[in-house]
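Atoms within each ligand, like the ligands themselves, are counted from 1 in listed order.
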Amino acid sequence: MDNRDENKPITVCFVGNPNCGKTTLFNAFTGSKLKVANWPGVTVERVEGETVYKGRRIHVVDTPGIYSLTSYTIEELVTRRCIEEDGVDVIINVVDASSLERNLYLTLQLLELKKPVILALNMMDIVEKRGDVIDTRKLSSVLGVPVVETSALKGKGTKELMETAKKAAGSAAKPAVHAFSDVIENAMGQITELIKDVTEEDQRRWFAVKLFERDEKVLARFRFGQDVRDKLESIIAAVEEELDDDAESIITDARYQYITEVVKSCVKKKKVGMTVSD
Ligand code: BGO
C-alpha cells in the first residue's frame, strides 16, 4: 500500500514491554471506541481503535506486552505476525523511560524489521521526578528513529505522537540498524547471501539475525534443502567456536553491550547522596 497517499488510512501498531504504559497510551491515542476480539487461532486479546488526526485516519492495533521478539510465547508470535502480515505502516514502540535499559532490548529487535519505528518514551513524569535527564535528540539520532516524550497517565505527548506517526507513514526513511562485531557481521553477510534470492531487501537483516539465532519458526518458513541447512549450520558453528558461546547468547550479549553504551551516552542520572564535602 502506498502510505504516502493522504486519503489512505495509516495502520499503526503499538508494541512494548508489559507495564510500560502501552494500554494507557493506546487509550489516550484512540479514545474509547475500541474493537476487542481475539487474535486468529489463539486466546490472546486483540484491541483495535481508530482516530483521525488532521484529516488522516489512523487505524491503531494494540499488541500484547512482550520483552523480546523471539518465538517462545504466543504473545511474541502474535506480535511478530501482526507486524509482518497486517499491513502495519508504523510501529509505535512504547518504552518505559524510567527503565530504559531493559526496554531498549525489544527496540533493537524492532529496528531490524526496517519498518518505520517511533519511540514513545513513556513515563517521562517519573524520569523528571527522579531528576534524571534523557537527551532525546541524541537518542533519536543514535537509534535513527523519531523519539516522542509521553506521560500517558497525564495525557501528555499524544498529539505529537500522532503528528510523528503521520509524518513517519509518509516517509521513506528506515531506522538505523546496529552493527554487531566484525565476526558476527561476517556471518550475517554470509547468511544474507544464502537468502538473498528468496527475500526482499528490507527483510534480510531481520531474517539473517533470526536464522543465526536458529529461530525454529523462521527456519521452517524457508524450507531450505539439506545443503543450505548444512551451510547455515557451519556459518553459525564457526562463530560459536570463535566466541565460545551459543549463537542466541552471542546476539543477546551484543545487544545488551550496545544498549549499555546508548544509555550511557543519552541518560544523565541525578547523583544521589551527594553532600557539600563530596
Ligand atoms: C496502574 N506515568 C506514570 N507515572 N504512570 C503511568 C504512565 C505514565 O506516563 N503510563 C501508564 N502508567 P498500563 P501496559 C497502577 O495501573 O497501561 C501506569 O501493561 C495501579 N493500578 O496507570 O496498564 C498506569 O499496558 C495502582 O498503573 O501498562 C498503570 O503496558 C497503583 O503504569 C501502569 C499504581 O500501565 C501500567 C499504578 C491499580
With heavy atoms and a 4.0 Å threshold, my read on which part of Ile126 contacts ligand 1 is side chain
- Decide yes or no for Val218 and Arg80: does some side-chain heavy atom of the first lie under 4.5 Å from some side-chain heavy atom of the second? yes
> Would a 4.0 Å cut-off, counted as strictly less than, catch a protein heavy atom around atom 7 (C) of ligand 1?
Replying inline: yes
Are any side-chain N or O atoms of Ser171 and backbone N or O atoms of Lys167, one a donor and one an acceptor, separated by less than 3.5 Å? no
Open item on the list: If you take the centroid of each ring, where Trp contributes its six-membered ring, are Tyr256 and Tyr105 closer together than 6.0 Å?
Closed with: yes
Parallel, tilted or perpendicular, as decided by the 30° and 60° cut-offs, for the rings of His178 and Phe180: perpendicular
Any side-chain donor near an acceptor of the partner, Thr150 and Asn122, under 3.5 Å
yes
field: ligand 1 N/O within reach of Asn19 N/O, cut-off under 3.5 Å
entry: yes
Q) Do Arg204 side-chain atoms and Lys196 backbone N/O form a donor-acceptor pair below 3.5 Å? A) yes
Atoms of ligand 1 under 4.0 Å from any heavy atom of Cys20, numbered from 1 in the order shown, are 30 (O)
Of all protein heavy atoms, the one nearest atom 3 (C) of ligand 1 is Asp125 OD2, 3.5 Å
- Does some side-chain heavy atom of Leu77 sit less than 4.5 Å from a side-chain heavy atom of Lys217? yes
Checking heavy atoms under 4.0 Å, the part of Leu153 that sits near ligand 1 is both
Per-atom filter on ligand 1: closer than 4.0 angstrom to a heavy atom of Gly21 are 10 (N), 11 (C), 13 (P), 14 (P), 17 (O), 28 (O), 30 (O), 35 (O)
In the complex you have, is atom 34 (C) of ligand 1 within reach of the protein, judged by whether a heavy-atom distance drops under 4.0 Å?
no
Task: Geometric N/O contact Lys22 with ligand 1, under 3.5 angstrom - done: yes
- [ ] Could you tell me whether some N/O pair between Pro18 and ligand 1 is separated by less than 3.5 angstrom?
- [x] no
Return yes when at least one protein heavy atom is under 4.0 Å from atom 27 (O) of ligand 1, and no when none is. no
Ranked by distance from atom 18 (C) of ligand 1, the top protein heavy atom is Met123 CE, 4.2 Å
Item to complete: Could you tell me whether Glu240 and Arg214 have a side-chain N and a carboxylate O separated by less than 4.0 Å?
Response: yes
Residues Glu75 and Arg46 bridged, charged N to O under 4.0 Å:
no
Problem set entry | Leu194 side chain reached by Thr192 side chain, heavy atoms, under 4.5 Å | no
Q) Under 4.0 Å from atom 11 (C) of ligand 1, is there any protein heavy atom? A) yes
Salt bridge (charged side-chain N to carboxylate O under 4.0 Å, His left out) test vs Arg255 passes for just one of Glu101, Glu213, Glu261, Glu248, namely Glu213
Review point. Within the structure, does Met124 bring an N/O atom to less than 3.5 angstrom of an N/O atom in ligand 1?
Key: no
Quick note on ligand 1: atoms under 4.0 Å from a heavy atom of Ser151 include exactly 9 (O)
Within 4.0 Å of some non-hydrogen atom of Asn122, the atoms of ligand 1 are 7 (C), 9 (O), 10 (N)
Residue, atom and distance of the protein heavy atom nearest atom 9 (O) of ligand 1 read Ala152 N, 2.9 Å
protein heavy-atom neighbour closest to atom 24 (C) of ligand 1 works out as Thr24 OG1, 3.8 Å
Requested in this report: Check whether any protein heavy atom sits under 4.0 Å from atom 16 (O) of ligand 1.
Outcome: no
Q) So is Gly65 in contact with ligand 1, going by heavy-atom distances below 4.0 Å? A) no
(message) Assess whether a salt bridge exists between Lys54 and Glu163, defined as any Lys/Arg side-chain N lying under 4.0 Å from an Asp/Glu carboxylate O.
(response) yes
the protein heavy atom lying closest to atom 25 (O) of ligand 1 turns out to be Thr23 OG1, 2.4 Å
Open item on the list: Checking contacts now, so for atom 21 (N) of ligand 1, which I'm interested in, is there any protein heavy atom under 4.0 Å?
Closed with: no
Quiz item: Charged N to carboxylate O under 4.0 angstrom, Lys268 versus Asp132?
Solution: no
